> 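Shown below is the structure under consideration.
Within every chain, numbering begins at 1; the chains are lettered A, B, ... in the order of the sequence lines, protein sequences first and strands thereafter. Because the structure is predicted, anything quoted here is derived from the model rather than measured.
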2 protein chains.
Amino acid sequence: MVRARSEERRADILRAALEVIAERGYRGATLGSVAERVGLTQQGLLHYFPTKEALLVAVLEERDRWDTSGGRDREGWRLDLLESLVEYNAMRPGIVQTFSALLGESVTDGHPARTFFTERYAQVRANMADVLRLEFGDRLAGGLTPEQAAPLLTAVMDGLQYQWLLDPSAVDMPGAFRDFLRLLRGGEEQSQGPSGT
Amino acid sequence: MVRARSEERRADILRAALEVIAERGYRGATLGSVAERVGLTQQGLLHYFPTKEALLVAVLEERDRWDTSGGRDREGWRLDLLESLVEYNAMRPGIVQTFSALLGESVTDGHPARTFFTERYAQVRANMADVLRLEFGDRLAGGLTPEQAAPLLTAVMDGLQYQWLLDPSAVDMPGAFRDFLRLLRGGEEQSQGPSGT
DNA sequence: ACCCACCTACCTGTAGATCGGTAGGTTACG
DNA sequence: CGTAACCTACCGATCTACAGGTAGGTGGGT
């Protein structure tokens, strides 16, 4: 079972890389520190991933696999699933931090994750529009179309993550997200106790 | 007029630093490349800012000064000014990119900009809440309080910036922001041609 | 005469990557 | 069954590059 052992190692490395990137970003991450975390030397790590960039790509691919399976997919989501996704995220600061750090870096010139994020957001917006149309039809609060609301929904999720990462005690991320959904639903009067500060 | 010349140099350096950080983030930025851009050696630059971190701090302080003067202040904004701020930003991708990159990095451990952003966001949210209360009173669309809507407003601005930076042709940032304001205003029916994709 | 602005030279640390091994297991085959 | 050929999973040494920072100047303006 050499093959299995090897796959396991790769998975360990990816998990470690995720951690290190969360702590220092991609540019700040070093192969040595990732290697150390799984009990390898830097050279040992390079046996599995020939370059630093290859490691990053593998991390991103794994992410893609994850959210193309776990509930989503070309047309998989519904609004209440989004809500639980945000709740789920609120319990995994590590993962959120990894991808928020990467997103931030990715807007810089020639960053290896840039195309990944660009394409991903295009797809996410399309997805969101579908979800919204399914839930609200063609016309939602404020007279917006699903296509107009989709980037906003996406933006809220990301923006809240940054605020929450910077100061978790100042922002109730899932609560705030629910607030936004109420805004989308548009009813003037709704109770349900306050969630923010 | 040596003093003036020196101030001018500092301003040049800060401008160059802003550019370089936009291109490579803080961690990826090098003193040498900033220096080069203003026709100095790296050591010449260190004459003005004794460490790399000092340079970053100066950049952040300048930003603070900028948005504590230009229209804002403890109680300065109004919603329509926010709208023009977003329009203004849409014409300065450089600045937006600098601070989006920094925000992304700042969530990593021990980043020198972290406290800056943490405090800044607390203040921004408070500001936003004031603005919203001034505009809408205590109860806005969806039954939200200004304090609940403030983090959302902030998140939308930031989140849209990332989407826009990644693919300006895919997102009409000012248009999308106006859409969000319509959502906040809450009226079910409003015309004004579509803005999104 | 002095000092501000800046440079040359240099040091130290670190990062990614290459090279050449070695130990242990696996397979091919006489 | 045994052994030679080969492969996998690493490690040590080393190369190259560059980064931030220090020390000690020099030269021009006031």
> Could you state the CG-C1' distance from Leu55(B) to dG21(D), rounded to the nearest angstrom?
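So the CG-C1' distance, Leu55(B) to dG21(D), works out to 14 Å.
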
> Quick check against the 3.5 Å criterion: does Tyr26(A) have a side-chain atom that pairs as donor or acceptor with the backbone of Leu102(A)?
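A pair under 3.5 Å: no.
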
> Let me know the distance between CZ of Arg10(B) and P of dC4(C), rounded to the nearest Å.
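Answer to the nearest Å: 14 Å.
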
> Can you confirm whether the side chains of Arg63(A) and Thr98(A) place a donor and an acceptor under 3.5 Å from each other?
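Not at all, the side chains of Arg63(A) and Thr98(A) share no donor-acceptor pair under 3.5 Å.
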
> Test your reading of the model: is there a side-chain donor-acceptor pair from Thr108(B) to the backbone of His111(B), 3.5 Å cut-off?
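Checked: no pair found.
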
> For Phe117(A), check ring pair (Phe, Tyr, Trp, His ring centres under 6.0 Å) against everything at least two apart and list the hits.
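Scan of Phe117(A) (ring pair (Phe, Tyr, Trp, His ring centres under 6.0 Å), adjacent residues dropped) gives none.
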
> In this structure, how many angstroms lie between the P atom of dT14(C) and the CD atom of Glu36(A), rounded?
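After rounding, the reported distance stands at 13 Å.
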
> Starting at CG of Leu40(B) and ending at P of dT8(C), how long is that distance when rounded to a whole Å?
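After rounding, the gap between these two atoms is 11 Å.
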
> Which is it for Tyr121(B) and Phe116(B) under the ring-ring contact (aromatic ring centres under 6.0 Å, His included) test, yes or no, and what are the steps along the way?
CA-CA 9 Å; Tyr121(B) 274 96; Phe116(B) 171 84; 9.0 Å; no

> Show me, pair by pair, the donor-acceptor contacts under 3.5 angstrom made by side chains of residues 84-93 of chain A, not counting sequence neighbours?
| residue | atom | partner | partner atom | Å |
| --- | --- | --- | --- | --- |
| Ser84(A) | OG | Asp80(A) | O | 3.0 |
| Ser84(A) | OG | Leu81(A) | O | 3.1 |
| Glu87(A) | OE2 | Arg178(A) | NH1 | 3.0 |

> Atom CG of Leu45(A) to atom P of dG12(D): distance rounded to whole Å?
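Rounded to whole Å, this separation is 15 Å.
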
> Rounded to whole Å, please give me the gap between CD in Glu8(A) and P in dA9(D).
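Going from Glu8(A) (CD) to dA9(D) (P), I get 12 Å.
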
> To the nearest angstrom, how far is His47(B) atom NE2 from dA23(D) atom P?
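One finds 16 Å between P of dA23(D) and NE2 of His47(B), rounded.
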
> Set out, line by line, the N/O atom pairs under 3.5 Å between protein and nucleotides 15-19 of chain C.
| residue | atom | partner | partner atom | Å |
| --- | --- | --- | --- | --- |
| dG16(C) | OP1 | Ala29(A) | O | 3.3 |
| dG16(C) | OP1 | Lys52(A) | NZ | 3.0 |
| dG16(C) | OP2 | Leu31(A) | N | 3.0 |
| dA17(C) | OP2 | Lys52(A) | N | 3.0 |
| dA17(C) | N7 | Gln42(A) | OE1 | 2.8 |

